[in-house]
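These notes concern the structure reproduced below.
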Amino acid sequence: MNVADTDRMELILFHSGYRRTQEKEEADLILVNTCSIREKAEQKTFSLFGGLKPLKATNPDLILGLTGCMGQQDGEKMLKRMPFLDFVLGPDQVEGIGKAVNRVRESDKPFVWTGFDSEKIYSIPEISEDLPQKPGPSAFVNIIKGCDKFCTFCIVPFTRGREKSREPEELHQEIRHLIKHGAREIILLGQNVNSYGKRGLNNSIPFHELLYGIAEISGLQRLRFTTSHPNDFTRETIRAYRDLDVLVNHLHLPIQSGNNEILKTMRRDHTVEEYLELIDELKSEVPDVSLTTDIIVGFPGETEAQFQDTLKVMERVGYSSSFMFSYSPRPGTPANEMLDSVPEDVKKRRLQEIIQLQNRLTEEQGKSYQGKTVEVLIEGSSSRPGYSFKGRNPQYWRVNAKGNEGSYKPGDIVKVNVEQTSGHGLSGVIQ
Ligand code: 5AD
Ligand code: SF4
């Protein structure tokens, strides 16, 4: 989401005459788009600003802005802690970046803009030909913002506010626009995309209908979405996988924990069995679907046996990759009021254990691709010596491919014979 917001701010600023520099020393404006999902992300921001502060001394006209979730959560505190900042913007103020920069030029008092905007629709800035960062073959499109789920560990509902869906017509227009400028794959984005259409639309349609509609857009070759919540993931969406050729066979479905008690205190509102039922139904409709997930270890009260349940579910589902985290208490969330009972060294060990298990699962699945042909959307040049192109297969495995450099370009879909696998990557030769 932050990557998409950053791209959007760059595009808006481009239309006000700003161009990306390669070196921070050359910049007139530096924005740090922050994340507050875990404490580590926050620490990174503070150390980054520590390195940026001296630039103000050498260039007094330099504008320094903090955007994103840390700004939303602690705007005034950020200004106090880092008085050299010119402004702080919340994630719902991305559209206002141009105005914010102008305001700094007009007054020299730092300010904080963190209101939530429940009315506004997105404008779709023109993608000009001389834009350095034109959309690549794979482009993000935000379909819903905010989150109403309030999982007890999560800061997002507080920093990104209530759910609001974008009108389907507006989405179609944006997707057509991106395709015209080179996109072939669209990744629909939201904290909970499956909740699309529940709120904020003039003509409400459910998520699966949005998928069917977008699949008709001419020139679209691949469609993905992320992130899903098991409770809003419907049977109709499973059917869409079967019906729609452009909808690729990959699903990212966070489980967070493999234990029902922990799921309950996390307020995920579903059981492991319900989750597995969905997965089994999807696998029976789409046998070559790959599954990825998010997992937290060391949630308050998690016992060794409860942790073992998570390992069991990972093995049972056979995830091709996972985002794995050690629980990090977030001020203002309900879980922050619970006793953070799992010692740091135990959290660390559990995290290592699930990473090891995931590595084995990934390796096993990687092997199953060896000697097979996969379809790859070329996204650019490969940095791996001996390989010309990089891209992804439908199941979201990274693929490095050998082939004649003059014969293919980003946006082409090619068939690659897989010869090797390493980690979550495949490599081979274009047929
Ligand atoms: N601690 C650790 N991981 C977290 N996540 C969200 N909040 C926390 C937290 N407080 C993880 C969840 C979520 C992903 C985006 O980040 O797994 O799905
Ligand atoms: Fe956070 Fe996702 Fe839960 Fe929303 S659904 S509260 S974004 S973990």
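The figures here come from the full heavy-atom set of this structure, side chains too, leaving out hydrogens, waters and symmetry mates. Just follow the structure's listing: the first ligand is 1, and inside any ligand the first atom is 1. All values derive from a computational prediction rather than experimental measurement.
Residue-ligand proximity, His229 to ligand 2, at heavy-atom distances under 4.0 Å covers atoms 5 (S). Each of the atoms 4 (Fe), 5 (S) of ligand 2 lies under 4.0 Å from some heavy atom of Lys149. Residue Phe150 approaches ligand 2 through these ligand atoms, each under 4.0 Å from one of its heavy atoms: 6 (S). Close contacts between ligand 2 and Val156 involve ligand atoms 7 (S) [criterion: under 4.0 Å to a heavy atom]. Close contacts between ligand 2 and Pro157 involve ligand atoms 6 (S) [criterion: under 4.0 Å to a heavy atom].
Pairing each heavy atom of Leu188 with each of Ile143, the nearest pair is CD2-CG2, 3.8 Å.
Under the 4.5 Å side-chain criterion, counting only non-hydrogen atoms from C-beta, Ile214 is not in contact with Ile186. No side-chain heavy atom of Lys390 sits under 4.5 Å from any side-chain heavy atom of Val399.
Considering Phe323, Phe225, Tyr396 as possible partners of His252, the one that fulfils the ring-ring contact (aromatic ring centres under 6.0 Å, His included) test is Phe323.
A donor atom on one side chain and an acceptor atom on the other are found under 3.5 Å apart for His250 and Thr292.
Protein heavy atom in closest approach to atom 3 (Fe) of ligand 2: Cys151 SG, 2.3 Å. If you check which protein heavy atom lies closest to atom 7 (S) of ligand 2, you get Gln191 CG, 3.4 Å. Atom 1 (Fe) of ligand 2 has Cys154 SG, 2.3 Å as its closest protein atom, hydrogens excluded (heavy atom only).
A parallel orientation is assigned to the rings of His424 and Trp397, their planes being inclined by less than 30° (bins at 30° and 60°). Using a 30° and 60° split on the angle between ring planes, Phe153 and Phe299 fall in the perpendicular class, above 60°.
A salt bridge links Arg350 with Glu304: at least one charged nitrogen is closer than 4.0 Å to a carboxylate oxygen. Salt-bridge formation is not detected for the pair Arg392/Glu185: no Lys NZ or Arg NE/NH1/NH2 atom is positioned less than 4.0 Å from an Asp or Glu carboxylate oxygen. Taking a cutoff of 4.0 Å between a charged side-chain nitrogen and a carboxylate oxygen, Asp232 and Lys149 qualify as a salt bridge. Between Glu315 and Arg360 there is a salt bridge, since a side-chain N of the basic residue sits under 4.0 Å from a carboxylate O of the acidic one.
Residue side and main chain included, Cys147 places no N/O/S atom under 2.8 Å of atom 1 (Fe) of ligand 2.
Ligand 2 lies out of reach of Arg160, whose nearest heavy atom is not under 4.0 Å from it.
Contact residues of ligand 1 (protein heavy atom closer than 4.0 angstrom to a ligand atom; sorted by chain and number): Ile37, Arg38, Phe153, Gln256, Asp294, Ile296, Phe325, Ser326, Tyr327, Ser328, Arg330.
Residue contacts with ligand 2, taken as heavy atom pairs separated by less than 4.0 Å, involve Phe153 solely via side-chain atoms from C-beta onward.
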